[in-house]
There are 2 protein chains.
Amino acid sequence: MYRLTNSFPYLLNRVGVQMGELFSRRIAGYGVTLPMYRVMAALWETGDQRLGDLAAMTTIEISTLSRLVGEMKRRGLVTRARLKDNGRTVAINLTPKGRTLVEELIPIAIRFEEVAVRDFPSKNISDLKTILAEIYESLKALEPEIEEANKARKAAKSKG
Amino acid sequence: MYRLTNSFPYLLNRVGVQMGELFSRRIAGYGVTLPMYRVMAALWETGDQRLGDLAAMTTIEISTLSRLVGEMKRRGLVTRARLKDNGRTVAINLTPKGRTLVEELIPIAIRFEEVAVRDFPSKNISDLKTILAEIYESLKALEPEIEEANKARKAAKSKG
DNA sequence: GAACAATAGTTGCATTCGCAAATATCGGTC
DNA sequence: GACCGATATTTGCGAATGCAACTATTGTTC
C-alpha cells in the first residue's frame with residue numbers, strides 16, 4: 001500500500017523545507033534571505049555568471065532571480081553589468097561586501113550540514129550525495145512523458 | 001574548499017524543486033496544484049486530521065494551509081468541520097470526489113518515483129529514505145543554537 | 001463561576017513568486 | 001544593411017505565501 005510519508009519526494013521535501021526554514025532564521029540577523037545566500041554562495045563558487053546560468057545553478061526561476069539580483073545590487077552585494085561584446089547577456093559578480101558576508105555565512109552552512117549528517121558514516125553521506133546528483137539527471141527522462149500526457153489530455157478534450 | 005554544489009542542502013533542494021516542478025506540470029491537467037495533491041495524499045494515508053497535524057505532516061505553513069483547505073473545500077475535494085466536542089479544532093477529510101481524484105494521481109506519483117530511483121538498487125533507496133527520515137529528526141538539534149545566536153546578536157546590538 | 005492563560009484556526013497585509021508578454025540584442029539571409 | 005528568427009533579460013500582473021494580529025473556544029486558578 002502506498003504511503004505518502006514513505007515516498008521519496010515527501011521525505012526529501014520535508015528535509016529541504018525544514019533545513020531551509022532553520023537556516024533562514026539563523027541568518028536573518030545578517031539581513032539576508034535564504035535565496036540571497038544561495039545566490040552569493042553560487043557566485044562565491046563560480047563567479048562572473050550570466051543570469052540564466054545562475055538560475056540553472058540555483059534552481060531559482062529566472063524572473064524571480066532577475067528581481068532578486070536587482071535587490072542584491074541595490075544593497076551592494078553583487079554587481080550586474082551588460083557585457084560589452086554581447087549586450088543581451090549580463091555578468092553578475094560578488095562585490096567585496098558580498099564576498100565578506102558570504103564568507104561569514106558559509107561556516108554556518110557547514111555547521112548545519114554537519115549537524116544534519118553527523119549520525120551517519122561519511123561514506124553513506126557521500127554515497128547519498130552521489131545518488132541525489134544522479135537522480136537529478138534521471139529526472140530529465142520524465143520530460144517527454146509529461147508533454148505526451150498533456151497532449152493526450154488536450155486532444156481528448158477538444159474531441160470530447 | 002567548500003562548494004555549494006557539493007553541499008547536502010543544495011543537492012537536496014535541487015532534486016526537490018525539480019521533482020515538484022515536473023509533477024506539477026504532469027498533474028496540471030487534472031485541475032490540481034502540487035500542494036493540493038500533497039494534502040489529498042496525506043488525507044488518503046491518514047484521514048480525519050486536524051489542521052495543525054496536517055500542516056506538520058505536509059510541511060505547509062498553517063495559514064497557507066488554512067486557505068488552501070478552504071479552496072479545496074470550495075472545489076468539493078475535502079470537508080472541513082468543527083468538532084462537536086471541541087469547537088476550536090476542525091476535522092478535515094477527503095470527499096468521495098477527492099478520494100477518486102487522489103487515487104488517480106497516486107499512480108503518477110509512484111511512476112515518477114520509480115523513474116527517479118530506477119538506476120539504484122532498492123537497498124540503497126530504502127537506506128536513503130531511512131537516512132532522510134533520521135536527518136529530519138536530527139535537525140531539531142539546531143533549534144537551540146538558532147535562538148542562542150540570535151539572542152547574542154541582539155544583545156550585542158543593543159549594547160553597541 | 002469570573003478572570004486569565006493556553007490552544008486552534010483564520011484573516012489582514014505586505015512580500016514573493018511565476019507565467020506570459022514585452023524589450024533588447026545578436027546572428028543569419030536576401 | 002533591412003528584415004526576421006533566436007537568445008537573454010526584464011517587467012506586468014495576478015496568485016500564493018508567511019508573519020503577526022485577531023477571533024473563538026477550552027482549560028485553569030482563585
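We name chains A, B, ... by the order of the sequence lines, and we start the count at 1 in each one. Computed from a predicted structure; not experimentally measured.
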Answer yes when [X] and [Y] have at least one side-chain N-carboxylate O distance shorter than 4.0 Å, and no when they do not.
{"X": "B/Glu61", "Y": "B/Arg67", "value": "no"}
{"X": "A/Glu145", "Y": "B/Arg111", "value": "yes"}
{"X": "B/Glu134", "Y": "B/Lys140", "value": "no"}

| remark: Stems with DNA chain D, 3 or more Watson-Crick or G-U pairs in a row (under 3.5 Å), are C:1-30 with D:1-30

| message | Testing the 3.5 Å rule here: is there a donor-acceptor pair between the side chains of A/Thr5 and B/Glu45? | response |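 Distance-only check passes for A/Thr5 and B/Glu45.
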
| field | Protein proximity profile, nucleotides 9-25 of chain C - base contact B, sugar-phosphate-only contact S, no contact -, cut-off 4.0 Å on heavy atoms | value | SSBBB---SBB-----B

| task | For A/Gln49 and A/Asp53, work out which heavy atoms get closest and say how close. | result |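 Closest heavy-atom pair between A/Gln49 and A/Asp53: OE1-CB, 3.5 Å.
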
| request: Compare every heavy atom of A/Tyr37 with every heavy atom of A/Ala109, then report the nearest pair and how far apart it is. | output: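 Nearest pair, atom of A/Ala109 first, then A/Tyr37: CB-OH, 3.3 Å.
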
| Can you list every pair that meets salt bridge (Lys or Arg N to Asp or Glu O under 4.0 Å) and has a residue in residues 73-91 of chain B, with sequence neighbours left out? |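 Sorted pair list: B/Glu71-B/Arg74, B/Glu71-B/Arg75.
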
| request: Starting at atom CZ of B/Arg74, determine the distance to atom P of D/dA15, rounded to an integer number of angstrom. | output: 12 Å

| request: Nearest whole angstrom, please: distance from the C1' of D/dA24 to the CG of B/Leu83. | output: 14 Å

| task | With side chain to side chain contact (heavy atoms under 4.5 Å, CB included) as the test, would you mind laying out the steps for A/Phe112 and B/Leu139 before giving the verdict? | result | CA-CA 8 Å; A/Phe112 268 52; B/Leu139 293 178; 6.0 Å; no

